[in-house]
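In each ligand, atom 1 is the first atom listed, and ligand 1 is the first ligand listed.
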Amino acid sequence: MIIILQPGVDADGAEVASLRKRAEQLGVTTWVHRITGASRELVEVHLHGDTAAIPTELFAGLPSVERVVRVSQKYRLLGRHEGQLDAVGFTYQGVRFDQESCHVFAGLCAVDERDSVERMMAACARAGLSTTRMGAYKPRTSPYDFQGHGAACLPWVFEIAGKHAIRVIAMEVTHEAHIDEIRRALDEAGRPTGVMLQIGTRNAQNFELLKAVGQQREFPVLFKRGMGITLEESLNACEYVASEGNRDVVFCLRGVKSHLGEPHRNLVDFAHVPVVKRLTRMPVGIDPSHSVGRRERGPDGLADILHATAQGLIAGANLVLVDFHPEPKRALCDGPQALTLDELPHFLDDVRLVREAYLARRKLVAGKMAG
Ligand code: PEP
Ligand code: MN
């Protein structure tokens, strides 16, 4: 059961304390969540335990309560519970992430040379982007492939990010210790930028790692859908993060592993954007680069990666994670799927066009529903 409080109710005040006491006397545990919305702060009190016999009226009539929602077992913390709850988002480094926002994280799959990072971030800044991707810890299929520079590159990556006013870097972590390494490097660099901790598809069910990113609230989490598990299993993995206390999670589709996707690297699954938005309160991202996995163009002149991006955006995606590289041939990881820096302005023009079309579709359907 979730008790949503009236706007302005203080999470640490007497009303919430007495409400929690009343609930705990009924044998359930309570958990208070503060949610920063786009326009208001929202406080929710979650009741955990056997709530089936507790009538909602017990709380619904209290002056501090806006409404009471009975939740299903599934996706307890992140679910919308049959549309009873609105989406929630978060603001990080002054950037708003929710089911209405749309951000492009264009960057390197893997940090290689300082010069690539410099040129990549300068290109982002020129294009008006303050969000990028930079892999320092790379989970590779072969142990003989480049594994990423790890903590060693963080000082200069963060310094260059600060120089180009990059506010958020999506960066994969493959071990709990990486969270501390990132925190320490940010501190030492004087906090010039921020990091969104990426959980890669290979770690989608690494429950200890999920708990570790959930146990901290400093960094938001970008969760990549597990490539060989069901959508439900991936959404449950996000609940692992949330149930440890961190609900600042973006769910990112990245294609699923199947030979049926060939010649693409994975089978593009962006038709699931509205599904995840309907089932959960999370913003939903897409990664067209790891879905398509190659730079080829169609006869219409548009790269398959741009077509896949458009498929996700026309369906309402809130974030695009996409690989670029100043010299893809020299990239140490995933060069064949990297777009070049001179393609970035056109990529962003295409993104804007499709996003506008999505917003126009929203207007059209809203008019239809009102009429
Ligand atoms: C990545 O984004 O760098 C990556 C490895 O993606 P995924 O985990 O989706 O394969
Ligand atoms: Mn990659």
How are the rings of H178 and Y137 set relative to one another: parallel (under 30°), tilted (30 to 60°) or perpendicular (over 60°)?
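H178 and Y137: parallel rings.
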Using the ring of each side chain (for Trp, its six-membered ring), is F146 parallel, tilted or perpendicular to H149, with breaks at 30° and 60°?
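Judged by the thresholds at 30° and 60°, the geometry between F146 and H149 is perpendicular.
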In the protein, which heavy atom is nearest to [atom], and how far is it?
atom: atom 5 (C) of ligand 1; result: E172 OE1, 3.6 Å
atom: atom 8 (O) of ligand 1; result: T201 N, 2.8 Å
atom: atom 7 (P) of ligand 1; result: K224 NZ, 3.4 Å
atom: atom 4 (C) of ligand 1; result: H290 NE2, 3.5 Å
atom: atom 3 (O) of ligand 1; result: R133 NH2, 2.7 Å
atom: atom 10 (O) of ligand 1; result: R254 NH2, 2.7 Å

For [Y], is there an ion pair with [X] - N to carboxylate O distance below 4.0 angstrom?
X: E327; Y: R119; value: yes
X: K211; Y: E208; value: yes
X: E218; Y: R191; value: yes
X: R294; Y: E296; value: yes

Which atoms from ligand 1 have a heavy atom of G200 less than 4.0 Å away?
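Listed by number with element, the hits are 8 (O).
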Shared hydrophobic cluster, Y75 / V273 (ILVMFWY, side-chain heavy atoms < 4.5 Å):
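Yes.
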Pick one: which of D304, D334, D323 meets salt bridge (charged side-chain N to carboxylate O under 4.0 Å, His left out) with R265?
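Exactly one candidate clears the test, D334.
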Spatial distance of atom CG (D287) from atom CG (D269) [nearest 0.5 Å]
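D287 CG to D269 CG: 10.0 Å, rounded to 0.5 Å.
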Go around the Mn ion (ligand 2) and count every protein N, O or S atom nearer than 2.8 Å.
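For the Mn ion (ligand 2), protein nitrogen, oxygen or sulfur atoms under 2.8 Å: 3.
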Less than 4.5 Å apart, any side-chain heavy atom of V16 and any of L5?
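A side-chain contact exists here, since the closest heavy-atom pair is under 4.5 Å.
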Any R225 heavy atom less than 4.0 Å to ligand 1
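The answer is no, since R225 has no heavy atom less than 4.0 Å from ligand 1.
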Assess M227 for proximity to ligand 1: is some non-hydrogen atom of it under 4.0 Å away?
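For ligand 1, residue contact (heavy atoms, under 4.0 Å) with M227 is absent.
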